[in-house]
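I have placed the structure first, in the form of structure tokens, so that the comments after it can refer back to it.
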Amino acid sequence: MKTKFALALLAATLATGAQAQVKVEDAIKWRQSAYGAMGWSMARIKANIDGTYNKDEVIKSANVIQAIANSGMGALYVPGSDKGKGWADTRVKPALFTDGPKVGKIAGDFNAAANEMAKVAASGDVAAVKEAFGKLGGTCKACHDDYRTKQ
């Protein structure tokens with residue numbers, strides 16, 4: 001009885017692992033889509049900071065960024081996805097796959113800044129939103145500078 005249970009558990013685990021694997025092209029597409037949505041959301045926040053401020057629009061945009069930041073995007077950096085094409089050629093540099101501790105710190109900083117941005121957006125304090133937005137943008141830039149090729 002215990003052996004059957006163990007085998008069933010092992011089979012379920014292996015099946016789940018197989019489902020979790022994605023094709024390189026799909027991983028690149030999904031990454032590009034997520035970063036596109038975050039870029040659009042950043043532009044919406046900036047437009048509100050620079051123009052007529054709409055708290056609800058800022059909250060929506062900050063929530064999109066926060067959700068994507070906390071979604072486990074690292075899983076989309078599968079081996080081989082430093083080359084290839086999703087919607088367009090990938091712009092990720094191979095160093096992203098070898099600089100583990102540095103990449104982990106940048107990703108952690110980004111997640112923290114995204115969470116803070118969502119929290120501050122909910123407050124409606126425009127000055128605090130502007131400051132949080134600057135910090136969030138800085139975390140994006142930190143990754144882009146070292147791990148994304150220029151167009």
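Model, not experiment: these values are computed from the prediction. The residues of the chain are indexed from 1 along the displayed sequence.
In terms of heavy atoms, Tyr77 sits closest to Tyr35 at OH-OH, 2.7 Å. Between Tyr53 and Gly124 the shortest heavy-atom distance is CE2-O, 4.2 Å. Met73 and Ile68 make their closest contact through CG-O, 3.5 Å (heavy atoms, listed as atom of the first residue, atom of the second, distance).
Of the possible donor and acceptor atoms, one in the side chain of Thr98 sits under 3.5 Å from a partner among the backbone N and O of Ala95.
Here Lys60 pairs with Glu57 under the salt bridge (Lys or Arg N to Asp or Glu O under 4.0 Å) rule; sequence neighbours left out. With sequence neighbours excluded, the residues that form a side-chain hydrogen bond (donor to acceptor under 3.5 Å, both in side chains) with Asp99 are Tyr147. In this view, Thr52 satisfies the side-chain contact (heavy atoms from CB on, under 4.5 Å) rule with no residue, not counting sequence neighbours. In this structure Asp56 satisfies the side-chain hydrogen bond (donor to acceptor under 3.5 Å, both in side chains) test with no other residue, sequence neighbours excluded. Lys105 meets the side-chain hydrogen bond (donor to acceptor under 3.5 Å, both in side chains) test with Asp109; sequence neighbours excluded. Under the rule for a salt bridge (Lys or Arg N to Asp or Glu O under 4.0 Å), the partners of Lys46 that lie at least two apart in sequence or sit in another chain are Asp50. For Lys102, the side-chain hydrogen bond (donor to acceptor under 3.5 Å, both in side chains) partners two or more places apart in sequence, or in a different chain, are Asp146.
Residue pairs meeting the salt bridge (charged side-chain N to carboxylate O under 4.0 Å, His left out) criterion with at least one member in residues 132-144, sequence neighbours excluded, are Glu131-Lys135, Lys141-Asp145. Pairs engaging residues 23-41 under the salt bridge (charged side-chain N to carboxylate O under 4.0 Å, His left out) rule: none recorded [sequence neighbours left out]. Identified under the salt bridge (charged side-chain N to carboxylate O under 4.0 Å, His left out) test for residues 75-87, with sequence neighbours left out: none.
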Distance-only criterion, 3.5 Å: show the donor-acceptor pairs between side-chain atoms of residues 112-121 and protein atoms not counting sequence neighbours.
unit_1	atom_1	unit_2	atom_2	d
Asn115	OD1	Gln66	NE2	3.1
Asn115	OD1	Asn70	ND2	2.7
Asn115	ND2	Asn111	O	3.2

